*Asks:* 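Have a look at this one.
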Amino acid sequence: MDQSIKHVWIIGASSGIGAALAKKYDQNGWRVTASARNAETLDDLASSGHKISSLVMDVQDAGAFDHAIAQFNQTGSLPDLVIFSAATYRPGGLDVLTHKDANNHMATNYLAAVGLIEAITPEFTKRGHGHLAIIASLSGYCGLPNAALYGPTKAALINLCETLKPDYDQLGLKLSLINPGFVKTPMTDKNSFSMPFLLSPEQAADKISTGLARGKFEIAFPWPLSISLKILQKMPYALYFKLTKRLAS
Ligand SMILES: NC(=O)c1ccc[n+]([C@@H]2O[C@H](COP(=O)([O-])OP(=O)(O)OC[C@H]3O[C@@H](n4cnc5c(N)ncnc54)[C@H](OP(=O)(O)O)[C@@H]3O)[C@@H](O)[C@H]2O)c1
């Protein structure tokens, strides 16, 4: 294994932002391991690139991360960078909120990231370096219409990354939090509302890879939406709900 070639593991790489990131890192000369459940799409992705290999996994499977890491260790190819991009999304408010669906969203979007952190951190620590990037969302900044199942999982990821950043610093490891706005992917194709500042997956992958190369903690984009939501988050509730009600209509 050529140790001078950097290795990125992208979890949630069969479509959308994850697939665009896989192609971007491949073009930049990295070795890419692409993970998701859909083996066929991953194989298509692998054959479209130079150094992309697929590693099929369901992030909800207990032991999936340990199994993958054991495979990396066997070949002496523990990734330099790991990007967690897997997520599920069902738009809606009270109309879609059930314990079963909330549990499924939490399991894929949040608890799987916890499983990844638990599995990868000791490996990075043993080796002495490593960069973990978690994709959350601008919708995790505050409660928004149509995000009853999804928004809380992203808020939890943001809070977790803020909590763990000093621990990662102390270990000499890098942690990044990625908060995209709207990106045109199979996920947002489910939305029937208008999506301001919609980006392509390639534009998102550019912003993410540039931010990660700079070692940024938070990579939030596009900035007009990110700033608007930060301001919304700080508003008194009377004004806040006036605005979010408008977004819902
Ligand atoms: N698109 C946006 O506007 C937007 C905005 C903010 C944040 N984000 C975040 O960006 C990330 C990528 O989203 P996207 O828009 O690119 O969506 P996407 O095209 O639907 O991609 C989601 C990826 O997650 C994988 N995945 C889902 N469940 C999985 C499971 N149980 N095990 C393994 N992989 C699983 C999917 O692959 P399989 O189905 O093959 O498993 C797919 O590769 C997500 O974290 C999303 O929340 C997206």
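Fair warning: this is a prediction, and the values are worked out from it, not measured in the lab. Counting convention: from 1, in listed order, for ligands and their atoms alike.
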*Asks:* Are the side chain of Asp26 and the backbone N or O of Gly49 linked by a donor-acceptor pair below 3.5 Å?
*Replies:*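 Checking the backbone N and O of Gly49 against the side chain of Asp26, no donor-acceptor pair under 3.5 Å is found.
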*Asks:* Note the single closest protein heavy atom to atom 46 (C) of ligand 1, along with its residue, its atom name and the distance in Å.
*Replies:*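 Closest protein heavy atom to atom 46 (C) of ligand 1: Tyr150 OH, 3.4 Å.
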*Asks:* Say whether Ser137 and Asn179, considering side chains only, have a donor N or O and an acceptor N or O under 3.5 Å apart.
*Replies:*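 No, no side-chain donor-acceptor contact under 3.5 Å.
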*Asks:* Taking only heavy atoms of Lys154 into account, list the atoms of ligand 1 that are under 4.0 Å away from them.
*Replies:*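 Those qualifying, in numeric order: 44 (C), 45 (O), 46 (C), 47 (O).
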*Asks:* What part of Pro201, side chain, backbone, both or neither, has a heavy atom within less than 4.0 angstrom of ligand 1?
*Replies:*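 Under 4.0 Å from ligand 1, Pro201 contributes no heavy atoms.
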*Asks:* Is Ala112 in contact with ligand 1, taking contact as a heavy-atom separation below 4.0 Å?
*Replies:*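 Contact absent.
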*Asks:* Within the 4.5 Å heavy-atom criterion, are Leu243 and Met235 side-chain neighbours or not?
*Replies:*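 Yes; the side chains approach each other to less than 4.5 Å.
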*Asks:* Short list, please: which atoms of ligand 1 are under 4.0 Å from a heavy atom of Gly16?
*Replies:*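 Near Gly16, the atoms of ligand 1 are 16 (O), 19 (O).
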*Asks:* For the residue pair Asn109 and Thr153, confirm or rule out a side-chain donor-acceptor distance under 3.5 Å.
*Replies:*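 Result is yes, a qualifying pair exists.
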*Asks:* Name the closest protein heavy atom to atom 7 (C) of ligand 1, giving the residue it belongs to and the distance to 0.1 Å.
*Replies:*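 It is Ala136 O, 3.2 Å.
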*Asks:* Tell me whether Thr88 reaches ligand 1 (any heavy atom closer than 4.0 angstrom to a ligand atom).
*Replies:*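 Distance cut 4.0 Å: Thr88 fails for ligand 1.
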*Asks:* To which protein heavy atom is atom 25 (C) of ligand 1 closest, and what is the distance rounded to 0.1 Å?
*Replies:*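 Closest protein heavy atom to atom 25 (C) of ligand 1: Gly12 CA, 3.8 Å.
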*Asks:* May I ask you to list the atoms of ligand 1 that are less than 4.0 angstrom from any heavy atom of Pro186?
*Replies:*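 That gives atoms 19 (O) of ligand 1.
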*Asks:* If you measure from each heavy atom of Gly181 to ligand 1, is any distance below 4.0 Å?
*Replies:*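 In this structure, Gly181 qualifies as a contact of ligand 1 - some heavy atom is under 4.0 Å.
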*Asks:* Is there a donor-acceptor contact under 3.5 Å from the side chain of Asp189 to the main chain of Met187?
*Replies:*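 No; zero donor-acceptor contacts below 3.5 Å.
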*Asks:* Would you say Asp61's side chain and Ala64's backbone share a donor-acceptor pair under 3.5 angstrom?
*Replies:*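 Not confirmed, Asp61 side chain does not pair with Ala64 backbone.
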*Asks:* How long is the straight-line distance from CD1 of Ile135 back to CD1 of Ile178, given to the nearest 0.5 Å?
*Replies:*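 CD1 of Ile135 is found 4.5 Å from CD1 of Ile178.
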*Asks:* What protein heavy atom lies closest to atom 11 (C) of ligand 1? Include the residue and the distance to one decimal.
*Replies:*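 The closest heavy atom on the protein side is Ser85 O, 3.2 Å.
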*Asks:* Just to confirm my output: which protein heavy-atom neighbour is closest to atom 29 (C) of ligand 1, and how far is it?
*Replies:*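 Protein heavy atom with the smallest distance to atom 29 (C) of ligand 1: Arg37 NE, 3.5 Å.
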*Asks:* Does the side chain of Ile120 reach to within under 4.5 Å of the side chain of Leu78, using non-hydrogen atoms?
*Replies:*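 SC-SC contact between Ile120 and Leu78 confirmed.
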*Asks:* Suppose I only count heavy atoms of Thr188 and a 4.0 Å limit; which atoms of ligand 1 are within that range?
*Replies:*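 Counting from 1, the qualifying ligand atoms are 1 (N), 2 (C), 3 (O).
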*Asks:* Less than 4.0 Å is my threshold; does some heavy atom of Lys184 fall inside it relative to ligand 1?
*Replies:*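 No.
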*Asks:* Is the closest side-chain donor-acceptor distance between Tyr168 and Thr121 under 3.5 Å?
*Replies:*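 Yes, Thr121 and Tyr168 have a side-chain donor paired with an acceptor closer than 3.5 Å.
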*Asks:* Of all the atoms in ligand 1, which lie at a distance below 4.0 Å from a heavy atom belonging to Met57?
*Replies:*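 With Met57 as reference, the close atoms of ligand 1 come out as 32 (N), 33 (C).
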*Asks:* Measuring only between side-chain heavy atoms, which start at C-beta, is Ile83 closer than 4.5 Å to Tyr25?
*Replies:*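 When only atoms from C-beta onward are counted, Tyr25 and Ile83 do touch, with a gap below 4.5 Å.
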*Asks:* Glu218 and Ser176: side-chain donor and acceptor closer than 3.5 Å?
*Replies:*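 Checked: Glu218/Ser176 side chains show no N/O donor-acceptor pair below 3.5 Å.
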*Asks:* Could you tell me, atom by atom, which parts of ligand 1 come under 4.0 Å of a heavy atom of Ala86?
*Replies:*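 Answer for ligand 1: 24 (O), 26 (N), 34 (N), 35 (C), 45 (O).
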*Asks:* Would His7 and Phe72 count as a ring-ring contact (aromatic ring centres under 6.0 Å, His included) here? Give the steps.
*Replies:* CA-CA 10 Å; His7 178 198; Phe72 293 136; 5.4 Å; yes
*Asks:* What is the ring orientation for Phe241 with Tyr237, classed by angle as parallel under 30°, tilted 30 to 60°, or perpendicular over 60°?
*Replies:*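 The arrangement is parallel - the two ring planes meet at less than 30°.
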*Asks:* Counting from 1, what ligand 1 atoms have a heavy atom of Thr108 closer than 4.0 Å?
*Replies:*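 Every atom of ligand 1 under 4.0 Å from some heavy atom of Thr108: 28 (N).
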*Asks:* I want to know if ligand 1 touches Val59 in the polar sense, i.e. an N/O pair below 3.5 angstrom.
*Replies:*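 The answer is yes, given that Val59 and ligand 1 share an N or O pair closer than 3.5 Å.
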*Asks:* Quick test: of every protein heavy atom, which one is nearest to atom 19 (O) of ligand 1, and how far off is it to 0.1 Å?
*Replies:*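 Ranked first by proximity to atom 19 (O) of ligand 1 is Ser15 OG, 2.7 Å.
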*Asks:* Of the protein's non-hydrogen atoms, which lies at the shortest distance from atom 31 (N) of ligand 1, and what is that distance?
*Replies:*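 It is Asp58 OD1, 2.9 Å.
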*Asks:* Given side chains that start at C-beta, do those of Phe221 and Leu199 come closer than 4.5 Å, heavy atoms only?
*Replies:*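 Answer yes - side chains close enough.
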*Asks:* To the nearest 0.1 Å, how far is atom 36 (C) of ligand 1 from its closest protein heavy atom, and which atom is that?
*Replies:*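 Protein heavy atom with the smallest distance to atom 36 (C) of ligand 1: Ser14 OG, 3.7 Å.
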*Asks:* Measuring from atom 13 (O) of ligand 1, which candidate in His105, Met187, Gln60 has the nearest non-hydrogen atom?
*Replies:*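 Of the listed residues, Met187 has the closest heavy atom.
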*Asks:* Taking only heavy atoms of Phe182, which atoms of ligand 1 are found under 4.0 Å from at least one of them?
*Replies:*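 Those qualifying, in numeric order: 3 (O).
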*Asks:* From atom 48 (C) of ligand 1, work out which of Thr41, Val183, Ile17 has a heavy atom at the shortest distance.
*Replies:*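 Looking at heavy atoms only, Ile17 sits closest to atom 48 (C) of ligand 1.
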*Asks:* State, without any angle test, whether Asn191 and Tyr89 hold a side-chain donor-acceptor pair at a distance under 3.5 Å.
*Replies:*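 Yes, because at least one side-chain N or O of Asn191 sits under 3.5 Å from a partner of the opposite role on Tyr89.
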*Asks:* Please state whether Phe84 comes within less than 4.0 angstrom of ligand 1, counting heavy atoms only.
*Replies:*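 No heavy atom of Phe84 comes that close to ligand 1.
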